[in-house]
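Heads up: the structure comes next, in structure tokens.
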Amino acid sequence: MTGKADRLAGGKLKGCKERGEWAELYFMMMAAGQGMKVSRPFSWVGRYDVGVENPREGQGRVLRVQVKSTLYKRRNGEYSLNVMGPRRQKYEPGTVDFFAILLIPVDDWYIIPFEVMGRKNSSIHFTPKGKRQKYGAYREAWELLRETGLTIQACGEESVDVECGTV
């Protein structure tokens, strides 16, 4: 290898699917580079793209992250994208914890909790140079993935005498 990898190479890919897969890999590289453990659901039928484990050992927390990216820039300098799931449906609560959105041309990541975006939005807009952008607090907010987590509870059936606990 003769030089540094082009971090904006995904913008040169022609197809949306290829660009989306590139963005997922880019996200995993960025998260792993910050000490987080990343995993990908088996097969392509998962309801989220990447699992991120809290870097603090033994906490049993996995965050479900849906990765999105866009090249589309509107006339007013605003980037826009649709946040839709399979079959162009909105994401249901409990299926995704965070959206990681990459604005490819400016190489900006937005780490947005589901509760902030949730089911309200199917199309969102970003104005990176704007002073009052709605999602500005989430620009490069990687710390949200380190500070929060989904605690997975496991318990046996009522008739079985098993103590419930956090996995």
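A parallel orientation is assigned to the rings of F27 and W142, their planes being inclined by less than 30° (bins at 30° and 60°).
Expressed to the nearest 0.5 Å, how far CE of M36 lies from CZ of R146 amounts to 4.5 Å. Note that NZ of K90 and CE of M117 are 11.0 Å apart. Values are rounded to the nearest 0.5 Å. Rounding to the nearest 0.5 Å places CD of Q34 at 10.0 Å from CE of M29. To the nearest 0.5 Å, the span separating CG on D49 from CE on M28 amounts to 8.5 Å.
Of all non-hydrogen atoms in A141 and A137, the two that sit nearest each other are CB-O, 4.0 Å. The two residues Y48 and Q66 have their closest heavy-atom pair at CA-OE1, 3.3 Å. Between P128 and L103 the shortest heavy-atom distance is CG-CD1, 3.7 Å. Between D107 and Y26 the shortest heavy-atom distance is OD1-OH, 2.6 Å. The two atoms that bring W109 and A23 nearest to each other are CH2-O, 3.6 Å, heavy atoms only. Heavy atoms only, all atoms of each residue included: R19 and I104 are closest at CD-CD1, 3.8 Å.
Look at E92 and R47 and you find no salt bridge, because none of the NZ, NE, NH1 or NH2 atoms lies under 4.0 Å from a carboxylate O.
K134 places none of its side-chain heavy atoms less than 4.5 Å from the side chain of H125. For the pair P113 and L144, the minimum side-chain heavy-atom distance is below 4.5 Å. Using a 4.5 Å heavy-atom cutoff, the side chains of I101 and F126 are in contact. K68 has its side chain out of reach of L102: every pair of non-hydrogen atoms, C-beta onward, lies at least 4.5 Å apart.
Taking the centre of each ring, Y72 and Y79 stay at or above the 6.0 Å mark. For F99 and Y110, the distance between ring centers is not under 6.0 angstrom.
Follow the hydrophobic side-chain contacts under 4.5 Å out from L63 and you reach L25 in the same cluster. Hydrophobic clustering of Ile, Leu, Val, Met, Phe, Trp and Tyr side chains at less than 4.5 Å, counting indirect connections, unites I111 with V116.
A donor-acceptor contact shorter than 3.5 Å is absent between the side chain of E78 and the backbone of T127. Remark: the backbone N or O of S80 is paired with a side-chain donor or acceptor of T70 at under 3.5 angstrom. The main-chain N or O of G51 is never found under 3.5 Å from a side-chain atom of K37 such that the two would form a donor-acceptor pair. A donor-acceptor distance shorter than 3.5 angstrom exists from the side chain of D97 to the backbone of R64, with no hydrogens or angles considered.
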Output, in order, the C-alpha distance, side-chain angles, deciding distance and verdict of side chain to side chain contact (heavy atoms under 4.5 Å, CB included) for F98 and I112.
CA-CA 6 Å; F98 284 88; I112 305 173; 6.0 Å; no

Start with the C-alpha gap between K14 and E18, add the side-chain angles, then the distance that decides, and say whether salt bridge (Lys or Arg N to Asp or Glu O under 4.0 Å) holds.
CA-CA 8 Å; K14 298 282 185 223; E18 292 82 5; over 6 Å; no

What verdict does the side chain to side chain contact (heavy atoms under 4.5 Å, CB included) test give for V65 and L145, after you've listed the backbone C-alpha separation in whole Å, the side-chain angles of each residue and the deciding distance to 0.1 Å?
CA-CA 9 Å; V65 179; L145 298 175; 4.2 Å; yes

Just do the side chain to side chain contact (heavy atoms under 4.5 Å, CB included) check on D108 and R139 with the steps written out, would you?
CA-CA 7 Å; D108 279 350; R139 183 180 168 272; 3.2 Å; yes

